[in-house]
Amino acid sequence: MKESVIYQDIVQKEAFKLISRQLKRRFGDIDESLVEQIRNLSAEQLENLGEALLDFSEIADLVVWLEQQ
């Protein structure tokens with residue numbers, strides 16, 4: 001079941017919602033182009049971003065992280 005496309009889509013969407021809330025709480029509203037880049041990440045990349053954002057001190061850290069993906 002975990003390999004199904006529908007399952008992976010649900011996991012990705014839920015991870016995106018969580019990361020979006022965390023980023024908004026940490027940095028306030030972020031640029032829509034960054035939101036779209038985040039929305040296009042895989043579930044695994046979103047999990048990695050969730051860990052990495054704990055070390056971010058400014059939005060530029062997010063930009064650098066996204067450029068490395």
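Sequential numbering from 1 along the given sequence is applied to the chain's residues.
Note on residues 17-29: pairs passing side chain to side chain donor-acceptor pair (under 3.5 Å), not counting sequence neighbours, are E14-K17, K24-D29.
Both L66 and F16 belong to a common hydrophobic cluster when Ile, Leu, Val, Met, Phe, Trp and Tyr are linked at side-chain heavy-atom distances under 4.5 angstrom. Taking hydrophobic clusters as Ile, Leu, Val, Met, Phe, Trp and Tyr residues chained together by side-chain heavy-atom distances below 4.5 Å, V11 does not share a cluster with L46.
Atoms CH2 and CG, on W65 and N48 in that order, are 6.0 Å from each other to the nearest 0.5 Å. Distance CZ/R39 to CG/L34: 12.0 Å, rounded to 0.5 Å. Atom-to-atom distance recorded for I38:CD1 and I19:CD1 is 8.0 Å, nearest 0.5 angstrom. Note that the CD1 atom of I30 and the CD atom of Q37 stand 9.5 Å from one another [nearest 0.5 Å].
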Margin query: If you apply the rule side chain to side chain contact (heavy atoms under 4.5 Å, CB included), what do you find for Q45 with L49, and how did you get there?
Written below: CA-CA 6 Å; Q45 288 172 312; L49 176 56; over 6 Å; no
Notebook entry, point to check: When you look at D61 and D55, which way does the side chain to side chain contact (heavy atoms under 4.5 Å, CB included) test go after all the steps?
Noted result: CA-CA 9 Å; D61 296 327; D55 298 324; over 6 Å; no
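Within a 6.0 Å sphere centred on CD of E44, heavy atoms belonging to other residues, nucleotides or ligands number 12 at most. Other residues, nucleotides and ligands place no more than 12 heavy atoms under 6.0 Å from the CD1 atom of I6.
A donor-acceptor pair under 3.5 Å is formed between the side chain of N40 and the backbone N or O of E36.
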